[in-house]
Amino acid sequence: GCVCVCVCVCVCVCVFRMDPQGVLEQAVLQSTQAMEDKLDQEIQQLGEVEVEDEMELFRARRMRGLKESARKRDEYVRQGHGALSEVPEKEFFAEVKKSHRVVCHFFRNSNRHCQTLDEHLMLLAQKHLETRFLKVDAEKSPFLTEKLRIWMLPTLTLV
């Protein structure tokens, strides 16, 4: 007669008395191979899902970063960043306190070097919104020029 053996995948194998180990071994190998193939497919599907999830996480982080950058840029523009602004002496300290980084140009209208520096600072102000660019007329601001020891024009100060 024959003896029936059920292996994990429900494969019924008849084992003959003449070569019981060879047939049983082959049946176990076939069922094991089938199980491994099925598990490999599941792992591959899970791997693809993980990759998609990681991409979604990356996209979400990137979108948050872009939104934060846009929010900061809008706030900087509201504070007067992005342009070279002339500030009277009395408003100087209030304007400087509004920003973390300030570049201030002390100028005189009659000085051509001051005009050249103004042109370059206007370009820089547009490129670097994180920094506030101000200019102060040195002749109209004796208190500031004395306290900050401005003795040559143009003078560029970083606050």
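- Salt-bridge check for E95 with R132: passed, with a basic side-chain N closer than 4.0 Å to an acidic carboxylate O.
- Distance check, rounded to the nearest 0.5 Å: OG of S85 to CD of Q79 gives 12.0 Å.
- At a threshold of 4.5 Å between non-hydrogen side-chain atoms, the residues T32 and E36 count as touching.
- The main-chain N or O of W151 is never found under 3.5 Å from a side-chain atom of T155 such that the two would form a donor-acceptor pair.
- Connection of F133 to L158 is established within a shared hydrophobic cluster, with ILVMFWY side chains joined at heavy-atom distances below 4.5 Å, either directly or through further cluster members.
- For the atom pair NE2 of H128 and CZ of R101, the computed distance is 10.0 Å after rounding to the nearest 0.5 Å.
- Residues P154 and H113 approach most closely at CD-CB, 3.9 Å, considering heavy atoms.
- Rounded to the nearest 0.5 angstrom, T131 OG1 and L124 CG are separated by 9.5 Å.
- Rounding to the nearest 0.5 angstrom, the gap separating the CG atom in L121 from the CG atom in L156 is 5.5 Å.
- Electrostatic pairing of R71 and E75 counts as a salt bridge here, judged by a charged N lying under 4.0 Å from a carboxylate O.
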**Request:** List the steps, then state whether side-chain contact (heavy atoms from CB on, under 4.5 Å) holds for F107 with L153.
**Result:** CA-CA 6 Å; F107 74 99; L153 297 177; 5.9 Å; no

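- H81 and S99 form a side-chain donor-acceptor contact under 3.5 Å, judged by distance and modelled atom types alone.
- Salt bridge annotation for K135-D118: present, with a cationic side-chain nitrogen under 4.0 angstrom from a carboxylate oxygen.
- With respect to V159, the side chain to side chain contact (heavy atoms under 4.5 Å, CB included) criterion is satisfied by exactly one of L134, V102, V103, L148: V102.
- Note that CD of E86 and NZ of K140 are 6.5 Å apart. Values are rounded to the nearest 0.5 Å.
- Looking at Q33 and D37, their side chains do bring a donor and an acceptor atom within 3.5 Å of each other.
- Looking only at distances, no side-chain donor or acceptor of E139 sits under 3.5 Å from a matching main-chain atom of R108.
- Atoms NZ and CZ, on K147 and R149 in that order, are 9.0 Å from each other to the nearest 0.5 Å.
- Contact check for N109 versus C114: no side-chain heavy atoms found under the 4.5 Å cut-off.
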**Item:** Pair R78-D74, side-chain contact (heavy atoms from CB on, under 4.5 Å): steps then yes or no
**Value:** CA-CA 6 Å; R78 272 195 306 274; D74 291 343; 4.1 Å; yes

**Request:** Under the side-chain contact (heavy atoms from CB on, under 4.5 Å) rule, what do F106 and D137 come out as? Steps first, then yes or no, please.
**Result:** CA-CA 6 Å; F106 286 88; D137 190 342; over 6 Å; no

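- In terms of modelled atom types and a separation under 3.5 Å, the side chain of T145 and the main chain of P142 share a donor-acceptor contact.
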**Request:** Apply side-chain contact (heavy atoms from CB on, under 4.5 Å) to the pair F93 and V87, showing each step before the final yes or no.
**Result:** CA-CA 10 Å; F93 291 107; V87 178; over 6 Å; no

